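Working notes, structure below.
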Amino acid sequence: MSGSSSADDKIKAERILSFLEDTYGGISWWPGDTGEVMIGAILTQQTRWENVKKALALLKEKNLCSIAAIHTAAPEDIENAIRCTGFYRMKARRLIGLAAYVMETCGGIGCMETMPTKELRAGLLSVNGVGEETADSILCYGFCRPSFVIDAYTVRIAACAGIKTPRPGLKALFESVLPENTSVYRQAHARIVEYAKERCTSKRCEECRILALNG
DNA sequence: GACCAGGTCCTTG
DNA sequence: CAAGGACATGGT
């Protein structure tokens, strides 16, 4: 009972991840180019992905589904297309701010691709409306960087599993028990979301706890 | 009608 | 720093 809680948390995380891999196998997620991933990452904040898909389709119809297009579009046109994702006024502002950062500060997506991950992450976080989860989603799914995404589902599963590491440390915890590989991170995150949506719906689900305890 | 959804920022104590 | 509120629409 006196072992380091960090080591204990690692074992629990490993058991959860291993169970999810056996249960769900390979999952493909977030198709689309880098710009679309960036837009989707903002739109999905506090929002179901089904609604985000509708908004992305509307943006495509209007040829607004790219960072360059968002950069020059009328805010009202963006708002109208993304209304179904909620918080649409604020999200339109965030999209415009992100596009301005990409196009003006960075000089386009192409320039960002050559930036070191650490620097790229810091730059994204400097944009208003881009927090840790959004930045990591963009890095992992948009720029193919091994940056593990911690979202509400991951936090919930970790809590149910009895993992004691506080939220700010979860990213490092999960990264420490996985090979540093973008595809591995993507799949692990996708499985966590799928599992949480269908099985870990209560805030203290027994299944996660047992899983983390026994493997 | 209440409650929640793949967050983030800003304001208070 | 922790806690609370604002942002807003759509589905159960």
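Values in this document were obtained by computation on a predicted structure and should not be read as measured data. Numbered from 1 within each chain, the chains take letters A, B, ... in sequence-line order.
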### Message
Is there a path of hydrophobic side-chain contacts, each under 4.5 Å between heavy atoms, that joins A:F87 and A:I42?
### Response
no
### Query
Using purine N1 to pyrimidine N3 plus N6-O4 or O6-N4 for Watson-Crick, or N1-O2 and O6-N3 for G-U wobble, each under 3.5 Å, what pairs with B:dG1?
none
### Query
Side chains of A:T85 and A:N51: donor-acceptor distance under 3.5 Å anywhere?
no
### Task
Please confirm whether the backbone N or O of A:A135 pairs with a side-chain atom of A:R121, one donor and one acceptor, at under 3.5 Å?
no
### Message
When you measure from the side chain of A:Q45 to the backbone of A:G129, do you find a donor-acceptor pair of N or O atoms at a distance under 3.5 Å?
### Response
yes
### Task
Give one of base, sugar-phosphate or nothing for A:V127, where a contact means two heavy atoms less than 4.0 Å apart.
sugar-phosphate
#### Entry: Spacing of A:L98 atom CG relative to B:dC9 atom P, expressed in whole Å
12 Å
### Message
Looking only at the side chains, is there a donor atom on one of A:D9 and A:S6 sitting less than 3.5 Å from an acceptor on the other?
### Response
no
### Query
Taking for each residue the nucleotide of DNA chain B bearing the nearest heavy atom, is the 5' side occupied by A:R156 or by A:T134?
A:R156
## Note on the structure
A:I150 atom CD1 is separated from B:dT8 atom C1', nearest whole Å, by 17 Å
### Query
Distance between the P atoms of C:dG10 and B:dT8, in whole angstroms?
22 Å
### Query
How is A:V149 classified with respect to the nucleic acid when contacts are heavy atoms under 4.0 Å: base, sugar-phosphate, or nothing?
nothing
### Message
Side chains of A:E207 and A:Y195: any donor to acceptor distance under 3.5 Å?
### Response
yes
## Note on the structure
In B/S/- notation (B base, S sugar-phosphate only, - none; protein heavy atoms under 4.0 Å), nucleotides 6-11 of chain C written 5' to 3' is -BBSBS
### Task
Could you check how far CG of A:D151 sits from P of B:dC4, rounded to whole Å?
18 Å
